Asks: 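The structure under discussion is supplied below as structure tokens; questions concerning it will follow.
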Amino acid sequence: MANLPAASAPGPSSHAVEPTQPQLRSAAATFALLSSPARLHLAWLMAHETFDVGTLAGRVGLSIATTSQHLGKLRLAGVISARREGRHTYYAVDDPHVLAMIEQIFSHIAADGTLAPDP
């Protein structure tokens, strides 16, 4: 594939630097990870509050084992962090970029699943 210069699109991002292949792969992997409704629900919950695995499992309606697998994938990808307190581990979304992404997508989707109109 030839390296072509980035097309110049009108608008505020017309001088943006085109993403590199590693950036594109990483972004695609993050979106693929969050394409699971269960993992996206977990991420949304943890973007708003810190939870342990049992509470998250109950909120999402999954078994603790399945929830733990999802949490492991999210943690490995750096989407969530974990903090140990005694016998419990608490999970949260701390990265401001991930928080902003979650906030943005849900502010753009209406409760019925349709795209919400811009204000």
Side-chain angles (χ1 to χ4, degrees):
M1 181 176 207
N3 284 337
L4 300 174
S8 153
S13 64
S14 63
H15 297 331
V17 176
E18 188 171 347
T20 65
Q21 286 302 311
Q23 286 175 311
L24 290 167
R25 283 191 296 275
S26 183
T30 300
F31 283 120
L33 182 68
L34 292 173
S35 71
S36 157
R39 282 192 292 270
L40 187 55
H41 190 181
L42 288 166
W44 185 92
L45 288 167
M46 291 178 288
H48 293 88
E49 195 173 333
T50 300
F51 292 99
D52 67 0
V53 67
T55 303
L56 286 166
R59 294 283 300 267
V60 178
L62 299 172
S63 70
I64 289 176
T66 300
T67 302
S68 291
Q69 288 179 348
H70 286 306
L71 293 173
K73 290 178 182 180
L74 291 167
R75 190 172 175 200
L76 187 62
V79 173
I80 65 170
S81 63
R83 165 179 52 71
R84 192 136 176 97
E85 281 186 20
R87 296 182 336 155
H88 294 280
T89 302
Y90 295 92
Y91 299 91
V93 174
D94 296 324
D95 184 325
H97 298 101
V98 175
L99 290 168
M101 183 175 59
I102 291 169
E103 179 185 332
Q104 285 290 314
I105 193 62
F106 286 104
S107 69
H108 191 60
I109 298 175
D112 66 0
T114 60
L115 292 181
D118 288 332

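On a predicted model such as this, the values are computed, not experimentally measured, just so you know. All values below were derived from every heavy atom in this structure, side-chain atoms included, with hydrogens, water molecules and symmetry-related copies excluded.
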Asks: Quick check for you: to the nearest 0.5 Å, what is the distance between His70 atom NE2 and Leu40 atom CG?
Replies: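 One finds 11.5 Å between NE2 of His70 and CG of Leu40.
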
Asks: Leu34 and side-chain contact (heavy atoms from CB on, under 4.5 Å): which partner among Ile105, Leu74, Leu42?
Replies: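 The side-chain contact (heavy atoms from CB on, under 4.5 Å) with Leu34 is passed solely by Leu74 among Ile105, Leu74, Leu42.
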
Asks: Taking only residues two or more places apart in sequence, or in another chain, which ones meet Ser35 in a side-chain hydrogen bond (donor to acceptor under 3.5 Å, both in side chains)?
Replies: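 With sequence neighbours excluded, Ser35 shows a side-chain hydrogen bond (donor to acceptor under 3.5 Å, both in side chains) to no residue whatsoever.
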
Asks: With the 4.5 Å side-chain cut-off for hydrophobic clustering, are Phe31 and Val98 part of the same group?
Replies: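 Hydrophobic grouping puts Phe31 with Val98.
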
Asks: Answer yes if Leu24 and Leu33 sit in the same cluster of Ile, Leu, Val, Met, Phe, Trp and Tyr residues linked by side chain heavy atoms under 4.5 Å apart, and no otherwise.
Replies: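 Each belongs to a different hydrophobic cluster.
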
Asks: For the atom pair CE (Met101) and CZ (Phe106), what is the distance rounded to the nearest 0.5 Å?
Replies: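 Here the rounded value is 10.0 Å.
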
Asks: What pairs with Arg83 under salt bridge (charged side-chain N to carboxylate O under 4.0 Å, His left out), at least two apart in sequence or on another chain?
Replies: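 Scan of Arg83 (salt bridge (charged side-chain N to carboxylate O under 4.0 Å, His left out), adjacent residues dropped) gives Glu85.
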
Asks: Just jot down the side-chain hydrogen bond (donor to acceptor under 3.5 Å, both in side chains) partners of Arg84, sequence neighbours excluded, or say none.
Replies: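 So Arg84 forms a side-chain hydrogen bond (donor to acceptor under 3.5 Å, both in side chains) with Thr89.
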
Asks: Check whether any side-chain N or O of Ser107 sits under 3.5 Å from a backbone N or O of Gln104 as a donor-acceptor pair, and report yes or no.
Replies: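 The answer is yes, because a donor-acceptor pair under 3.5 Å joins these two groups.
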
Asks: For the CG atom of Asp52 and the CZ atom of Arg87, what is their distance to the nearest 0.5 Å?
Replies: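 Here the interatomic distance stands at 11.5 Å.
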
Asks: Nearest 0.5 Å, please: how far is CZ in Phe51 from CG in Leu45?
Replies: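 Atom-to-atom, Leu45:CG and Phe51:CZ are 5.0 Å apart.
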
Asks: Measure from the side-chain N and O atoms of Thr114 to the backbone N and O of Ala110, and report whether any donor-acceptor pair falls under 3.5 Å.
Replies: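 Not at all, since once roles are kept as given, no pair shorter than 3.5 Å links the two residues.
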
Asks: Please check if the number of heavy atoms outside Gln23 that lie under 6.0 Å from its CD is greater than 12.
Replies: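 Above 12, so yes.
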
Asks: Check the pair Arg39 / Val79 against side chain to side chain contact (heavy atoms under 4.5 Å, CB included), numbers first and verdict last.
Replies: CA-CA 10 Å; Arg39 282 192 292 270; Val79 173; over 6 Å; no

Asks: Can you tell me how far CD of Gln69 sits from OG of Ser63, rounded to the nearest 0.5 angstrom?
Replies: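 Answer rounded to 0.5 Å: 7.5 Å.
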
Asks: Hydrophobic clustering (ILVMFWY, side-chain heavy atoms < 4.5 Å, transitive) - are Tyr90 and Ile80 grouped together?
Replies: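 No, Ile80 does not connect to Tyr90 through the hydrophobic network.
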
Asks: Roughly how far, to the nearest 0.5 Å, is NE2 of His48 from CG of Leu99?
Replies: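 Going from the CG atom of Leu99 to the NE2 atom of His48 covers 8.5 Å.
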
Asks: Is the backbone of Ser26 close enough, under 3.5 Å, to the side chain of Thr30 for a donor and an acceptor to pair up by distance?
Replies: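 Confirmed, Thr30 side chain pairs with Ser26 backbone.
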
Asks: Can you name the closest pair of heavy atoms from Ala92 and Thr50 and give their distance?
Replies: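 So the two residues come closest at CB-OG1, 3.6 Å.
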
